[in-house]
Amino acid sequence: MNTVVPVPVGHGIRIQVTGMSCASCASRVEKTLKAVPGVHRADVNLATEQATVEADAGVGADVLAAAVRKAGYGVATTETSLQVEGMSCASCAGRVEKALRKVPGVSGATVNLATEKATVTTLSTVAVSDLTAAIQKAGYTSRPVTDAPPAPGRRLPEWWPVAVSAVLALPLVAPMLLQWFGIDGMLDGWLQLALATPVQFWLGARFYRSGWKALRARTGNMDLLVALGTSAAYGLSVYLLARHAAHGMPHLYFEASAAVITLVLLGKWLETRAKRETVDAIRALTALRPTTARVRRDGMERDIPVAQVQLGDLVVVRPGDRVAVDGEVAEGCSHVDESLITGESLPVAKAVGDAVTGGSVNAEGTLLVTTTAIGAETTLARIIRLVESAQAAKAPIQRLVDRVSAVFVPVVLGIALLTFLAWATTTGNWETALINAVSVLVIACPCALGLATPTAIMAGTGVAARHGILIKDAEALEVAHAVTVVAFDKTGTLTEGKPALAAVEPAGSTTPGEVLAWAAALQQSSSHPLALAVLDRVRTDGIPVPPARDTRALPGRGVQGTVHGQVLTLGSSRLLRELQVDPGALANDAERLERDGRTLSWLVRQYGDRAELLGLLAFGDTVKATARNAVDRLHGLGIRTVMLTGDNRGSADTVARELGILDVRAEVLPGDKAAAVQALRASGEVVAFVGDGLNDGPALAAASCGFAMAGGTDVATETAGVTLMRGDPRLVADAIDVSRRTWAKIRQNLGWAFAYNVLGIPLAAFGLLSPVVAGAAMAFSSVSVVANALLLRRWHP
């Protein structure tokens, strides 16, 4: 990621610039930085690759980042993840972000309320202790996510505060309920005080602690609202009890304060349980990591920790074992279950030379695997990083929520004060005024707003990952739901990417079987893709292949050899012309096949200076069996399809006709693919490009959202916003579908959260909600938002 991270040096800023190769590069960076308003001096040292900038205090990292990017360079940065504890609502997450961004050397910070994680982009020189100190100063605690949490030892279950609070609050709330049935069971005022006090100051102590920290930071949060509201109800009850107890039982509000705290504790406990379920995808993927591997070294087999496996090691995978590393099968054959990695429901056959992925499960045969990737470079590790990154990121719509949350608590405090003053001045009943103000404080919780977007993103990206769809970030998820055009590369995306024998046309009295057998005889030892296609066909058809001798390659033209005493030549149309052989009756077939984009090979028998045509073989790339269904599904979603390919027009048109794609652009260079994508975007379309090759990188980057097919190049997968873990084009429609459903959940959650506060606060201000009902509604709002997001876990392709 190319960002600039400033480190104050006196009145200056030090920037570690990357990508400079000569003095002119350093000069260009200097010139660009000096042009930034507010920058007084900029010096660039090419040897250390550092730029020292003296600038006004108002010149931020984003401005300098834009300047360096404009010059065409970047900087080396690191990302640190911290587990933050003590956050209760969206304003808490915003306060932590603000505190982290003030730390010298931090260029960006994102806090996810649902996962309670902070992702901080810094220079490598910024100490983690500085970050944790900033979080602690803001009123929270933190630790690096790589650190194991403290050993729990003997701990009470998490629900114990809820249970104890409920036991103490029930005798206070029950008489209020019994009054509906004409039963008077009101407890003595002093007994009510005895029951409510531990709830208020013992079980509710967390609200006071968090609220006090918020006040010290000159801000507010949900806990502050709860602490103020319940304290007001409790304090009013104590006052009334002390003043009127000698003159009869006054109306007390202990049940309101105790019930609100109980309901909020219940809501937070249910919310915590539900949030845990949203990270099931990460837990499931992490559980796939084997801890040990059986390695064969010096002829001996022994079990060692996976961390000690080295590249090139031979790993033994027995039946039923989980594959410990990424590698290539060196010995044995079996079937491997890759369902939790690729989403493929059926086991995949593996033989010598096939790649296997760490975390998959071996079925019936023993495999000997040569290690090709270990540690953080394995496919499973990259998948986990992608899913974690997507779940930690904020969708662009979340910025609106953050802006609202930043002013939410102060606005609510103002509304509560106005409610109190309005009721007190118009009715003269300050007890009622206070209780209505308490209702406003209790019901106005920004928790639901803070959870609406991240929980839906976590659930959506998690369920997508379980079915072989890796969404890189929240922005890709947001863009994918709005796609109107899907542009496909052809080779390897819609087709298998390797030639297959499409037609065999015999000449004269020769049979198709003889043409195949003789062609295969000449190519038995060849690794040419066309030769492999012929050999695959004869194996499939069970055609016996005669031996050949004196075979020799004819560079650029074909191959020649002797089969059953006949001198046979198999080669291109150019070779046919050189041998001066007339294609005769096969001329029309050859013209038709070439028009369809087929590659032709001619089989000729030679007698001295004379040659006789025996037959024609045509090769073509096979369309994937699922490609037609994929295109039909996209059309069913109202999405237009386009094919962009570098292949010839005949081949492209043939595939397009078979698949039902009407817009075909053939013989397109890689740069022209990107231009075509940009042209579609310029016309107002939201464009997804699907590809797998090195030449697809520019088009994937130019698209609104890039989809990279599994098995493609690293350039494709790094550039794309979505990676499809199977080479199945149907996953494109699946990815768009899950994106649309996730986006719908985000809209539903935000709509519910905003509507809840828009309706709830006025009702409480007008005295139509008691504090108990307000507390129940507040708890329900947060739980309902998380539960609605969890419905995404039921999605299936």
Side-chain angles (χ1 to χ4, degrees), residues 328 351-354 491-492 495-584 586-587 589-591 593-622 646-648 650-651 693-695:
E328 184 177 291
V352 174
D354 289 338
T491 306
T495 65
E496 295 292 350
K498 58 182 181 180
L501 190 59
V504 179
E505 301 291 345
S509 59
T510 312
T511 65
E514 289 174 325
V515 172
L516 270 176
W518 293 335
L522 293 174
Q523 301 180 100
Q524 286 183 83
S525 58
S526 174
S527 60
H528 192 280
L530 298 185
L532 296 177
V534 173
L535 295 172
D536 282 344
R537 172 62 71 85
V538 296
R539 275 196 297 269
T540 301
D541 294 351
I543 299 173
V545 179
R549 57 185 179 83
D550 301 330
T551 56
R552 64 188 181 95
L554 304 175
R557 293 172 295 170
V559 63
Q560 187 179 74
T562 303
V563 181
H564 292 325
Q566 311 172 91
V567 178
L568 301 179
T569 303
L570 180 68
S572 62
S573 298
R574 172 188 171 186
L575 180 62
L576 192 71
R577 290 192 295 272
E578 288 179 0
L579 295 175
Q580 298 181 350
V581 175
D582 182 5
L586 293 182
D589 291 329
E591 184 180 348
L593 291 168
E594 283 185 323
R595 196 166 52 245
D596 288 343
R598 306 301 187 192
T599 299
L600 305 184
S601 288
W602 301 86
L603 183 64
V604 175
R605 180 164 51 203
Q606 293 181 260
Y607 304 94
D609 295 334
R610 192 164 58 87
E612 174 190 3
L613 181 64
L614 298 178
L616 164 68
L617 292 88
F619 301 87
D621 199 357
T622 306
D647 280 359
N648 62 71
S651 177
L694 180 65
N695 61 353

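Not measured: the values here are computed from a predicted model. Every heavy atom of this structure was used, including side-chain atoms; hydrogens, water molecules and symmetry mates were not.
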statement: Only residue of V504, D541, I543 satisfying side chain to side chain contact (heavy atoms under 4.5 Å, CB included) with P512 is V504
Once you round to the nearest 0.5 Å, how far does [atom1] of [X] lie from [atom2] of [Y]?
X	Y	atom1	atom2	answer
R539	R537	CZ	CZ	12.5 Å
R610	R605	CZ	CZ	9.0 Å
L576	W602	CG	CH2	5.5 Å
L501	L535	CG	CG	10.5 Å
T569	L613	OG1	CG	11.5 Å
T551	L570	OG1	CG	12.0 Å

Would you say the side-chain atoms of [X] pair up with the backbone N or O of [Y], donor to acceptor, closer than 3.5 Å?
X	Y	value
R598	A618	no
T540	D536	yes
Q524	P546	yes

message: A side-chain contact here means heavy atoms from C-beta on lying under 4.5 Å apart; do L593 and L616 qualify?
response: yes
Check: L530 and P499 side chains under 4.5 Å, non-hydrogen atoms: yes
Testing the basics here: between [X] and [Y], what is the closest heavy-atom pair and its distance to 0.1 Å?
X	Y	value
L568	W518	CD1-CB, 3.6 Å
L586	A507	CD1-CB, 3.9 Å
A521	A548	O-CB, 3.3 Å
A611	V581	CB-CG2, 3.6 Å
V538	L516	CG1-O, 3.9 Å
G561	L522	N-CD2, 3.5 Å

task: List the steps, then state whether side chain to side chain contact (heavy atoms under 4.5 Å, CB included) holds for L603 with T510.
output: CA-CA 11 Å; L603 183 64; T510 312; over 6 Å; no
